[in-house]
Amino acid sequence: MLRNFLLLIVILIAGTTFGQSIEELSQRDSFEFHSDSKKQEDFKSILQSKDKRKVAELFNKTAVYYSNNNQLERSIPYFDIAFSLFKQSKNTKEASVILNFKATVYYNLFKYEKAIDIFNQSIALRQSIHDQKGVAESYQEMAFVYFNTFRLTQAKYYFHKSLDVFTQINDKAGLSEINYDIGTIFLEDKNFDSTLYYFNQSLIYDRLQNKHKDIISSLNNIGVILFLKRDYEKSIKIYDQAIAQNDSTIKDSKSTSIFLNNIGNINFENGKLSKAFDNYSKSIAIKTKNKDEVGIAISEHNIGNVYRKQLNTTKALFYFNQSISRATKLENTDILASNYKSLSELYEQTGDSKKAFEFYEKFIRSNYSILLDEDGRQISEFQDDNEKNRKQVLMLSHEIQMQKLFSDYEANIKSKEIKILKEKRKYQRNLIYAAIGLLLFLVII
């Protein structure tokens, strides 16, 4: 097809013979537009008008349509024309937005350096019109490119640049977001104290805006970090605050189910297995009503661990397999990894070392995340109601972590083998000493 080639020609001639090129373009059967309006005559009237902004909006809507429908390469020329027309019509802010869309497309095409280059172009454009909020948002998006490619130093740098700009313009919503983002970087490093600091800063700005849903999310996430720090007493107090806030404001049942799961984890760690089971069961009941498949899979895994601790292998296997089945349909590698780790521990507990290693290997090869503590503890549920999503790192970092875990596992096995060997040698030495002692005793007699 010649569609992309034709589009590139249009970019070259749009600056000089705008009207003529668009009219010619509108007559080509190979050119397709998509927007809210489905009428072809509407497209033609827009194209035949000499309002560059309207035409740019049409190209932009079409580009967004293709990018949202996973036709990424096809969307780029449409973005290029929209950008060119917005610039010609002096709509610089809209042009910078187009650059951010285009950078995101390149990111999704795994062309990370190209994405960063385009974000830098967007920042320069936004600085030229003193669009400080736009500059902060572009720094934030660029930081995520670095974060998602496991370049945490650069990610921190650009997140902090975004934080500085949001602070200058006192954008409370932006400050809530960016503090959360910085906290997630420290979470990736398991630096829980720094994570807590930034999550608490995010909570301050949520409260200043009186955003109940975000306050509840922040309280829950702070509770999760305190749980990971093993500060269970403080974690429970935070959950009490979150429950009180939820009950007195939005009464969100999904939040309630998350609190129940996470409180169950604290009871589990404190050895209160019956209470933990009760928390998880209530959580699943709400999640089933809400059709929250991810949440159900998490709580099923956690119930499996309760039965594992109680040495009830049959029921533990049932819940782990239920969780695995659900997570497989959802393509949720984090939950799968958690189940594989727990199954490895279950089979080690039953003395089946072959299966224990088989599932440990599956665990390592899964794309496991910070939500799973390496000691194999329960899965806690974060709340990301404000699109505060912790991004997954690339395969390179996963490979490094995978090799480290294999190494640690093998070292652990070798350590156990060496310990057993030493015990055998000690036992053999004692036998020899005993035999020598007996011989000397007989000689003396």
Side-chain angles (χ1 to χ4, degrees), residues 220 223-224 227-228 232 235 239 253-383 405:
N220 175 74
V224 172
F227 169 77
L228 293 173
Y232 303 134
S235 185
Y239 285 126
S253 62
K254 182 174 181 179
S255 294
T256 302
S257 71
I258 289 172
F259 302 149
L260 284 166
N261 178 80
N262 293 348
I263 291 168
N265 292 347
I266 295 170
N267 284 321
F268 179 87
E269 291 301 321
N270 285 329
K272 299 174 182 176
L273 298 182
S274 295
K275 275 191 174 182
F277 180 83
D278 186 49
N279 294 139
Y280 297 141
S281 298
K282 287 177 179 176
S283 179
I284 283 181
I286 298 170
K287 288 166 178 174
T288 303
K289 195 173 179 181
N290 291 341
K291 297 180 180 178
D292 177 7
E293 291 293 298
V294 172
I296 295 168
I298 287 171
S299 293
E300 283 174 337
H301 163 270
N302 292 346
I303 288 176
N305 265 333
V306 169
Y307 281 120
R308 180 178 65 79
K309 284 276 187 181
Q310 292 174 334
L311 305 180
N312 190 331
T313 304
T314 304
K315 284 194 174 179
L317 280 171
F318 171 79
Y319 277 98
F320 288 143
N321 286 326
Q322 284 283 99
S323 181
I324 286 170
S325 174
R326 215 176 293 274
T328 302
K329 288 176 187 174
L330 297 165
E331 297 182 351
N332 191 310
T333 51
D334 290 338
I335 299 173
L336 282 171
S338 301
N339 279 287
Y340 294 148
K341 181 70 166 24
S342 295
L343 280 167
S344 174
E345 290 172 352
L346 177 68
Y347 284 115
E348 189 176 336
Q349 194 174 286
T350 59
D352 192 338
S353 56
K354 186 179 177 182
K355 276 199 170 182
F357 184 78
E358 177 191 326
F359 280 101
Y360 191 82
E361 187 176 19
K362 281 186 176 184
F363 156 67
I364 296 172
R365 294 194 183 282
S366 301
N367 198 4
Y368 84 107
S369 80
I370 196 78
L371 299 181
L372 173 68
D373 185 80
E374 285 179 23
D375 295 333
R377 296 191 300 156
Q378 303 295 74
I379 309 175
S380 297
E381 291 184 78
F382 283 95
Q383 277 182 275
L405 286 169

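Note that the structure is a prediction, hence the values are computed from the model and not measured.
For the pair His301/Ile324, no side-chain contact is recorded, criterion being any heavy-atom separation below 4.5 Å from C-beta on. When side chains are defined from C-beta on, Phe363 does not count as touching Ser344, because their heavy atoms never get closer than 4.5 Å. Annotation: side chain of Val224 is in contact with side chain of Tyr239 (closest heavy-atom distance under 4.5 Å). Two residues are said to be in side-chain contact when any heavy atoms from C-beta on lie closer than 4.5 Å; Asn220 and Phe259 meet this criterion. Counting only heavy atoms from C-beta outward, the side chains of Tyr340 and Tyr360 never approach each other to under 4.5 Å.
Rounding to the nearest 0.5 angstrom, the gap separating the CG atom in Asn332 from the OG atom in Ser338 is 8.5 Å. Atom CZ of Phe227 is separated from atom CZ of Phe268 by 8.5 Å, given to the nearest 0.5 angstrom. With values rounded to the nearest 0.5 angstrom, Phe320 atom CZ is found 6.5 Å from Asn339 atom CG. To the nearest 0.5 Å, the span separating OG1 on Thr328 from CG on Leu336 amounts to 4.5 Å. Taken from CG in Leu343 to CG in Asn305, the straight-line distance is 9.0 Å, to the nearest 0.5 Å.
A donor-acceptor pair is defined here as one N or O able to donate and one able to accept, closer than 3.5 Å; such a pair exists between the side chain of Asn312 and the backbone of Lys315. Judged purely by atom type and a 3.5 angstrom limit, Ser325 has no side-chain atom pairing as donor or acceptor with the backbone of Gln322. Within the 3.5 Å criterion, the main-chain N or O of Arg308 finds a donor-acceptor partner in the side chain of Gln349. Not a single donor-acceptor pair under 3.5 Å links the side chain of Asn270 to the backbone N or O of Lys272.
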- Message: side-chain contact (heavy atoms from CB on, under 4.5 Å), that's the test. Do Leu317 and Thr313 meet it? Break it down for me.
- Response: CA-CA 6 Å; Leu317 280 171; Thr313 304; 4.0 Å; yes

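Between Asn267 and Ala276, the shortest heavy-atom contact is CB-N, 3.8 Å. The shortest non-hydrogen separation linking Arg326 to Glu293 is NH1-OE1, 3.0 Å. The nearest pair of heavy atoms linking Asp292 to Lys254 is OD2-CE, 3.9 Å. When every heavy atom of Ala316 is checked against every heavy atom of Gly304, the shortest pair comes out as CB-O, 3.5 Å.
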Show me, pair by pair, the donor-acceptor contacts under 3.5 angstrom made by side chains of residues 280-288, not counting sequence neighbours?
from: Tyr280; atom 1: OH; to: Gly264; atom 2: O; distance (Å): 3.3
from: Tyr280; atom 1: OH; to: Asn265; atom 2: N; distance (Å): 3.3
from: Tyr280; atom 1: OH; to: Asn265; atom 2: OD1; distance (Å): 2.6
from: Tyr280; atom 1: OH; to: Gln378; atom 2: NE2; distance (Å): 3.1
from: Ser281; atom 1: OG; to: Phe277; atom 2: O; distance (Å): 2.8
from: Lys282; atom 1: NZ; to: Asp278; atom 2: OD2; distance (Å): 3.4
from: Ser283; atom 1: OG; to: Ser257; atom 2: O; distance (Å): 2.7
from: Ser283; atom 1: OG; to: Lys287; atom 2: NZ; distance (Å): 3.0
from: Lys287; atom 1: NZ; to: Gly295; atom 2: O; distance (Å): 3.0
from: Lys287; atom 1: NZ; to: Ser299; atom 2: OG; distance (Å): 2.8
from: Lys287; atom 1: NZ; to: Glu381; atom 2: OE2; distance (Å): 2.6
from: Thr288; atom 1: OG1; to: Ile284; atom 2: O; distance (Å): 2.7

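With hydrogens and angles left out, the side-chain atoms of Asn261 and Asn279 include no donor and acceptor closer than 3.5 Å.
The pair Lys341-Glu345 meets the salt-bridge criterion, since a charged nitrogen lies less than 4.0 angstrom from a carboxylate oxygen.
Tyr319 and Tyr307 have their aromatic ring centers within a separation under 6.0 angstrom.
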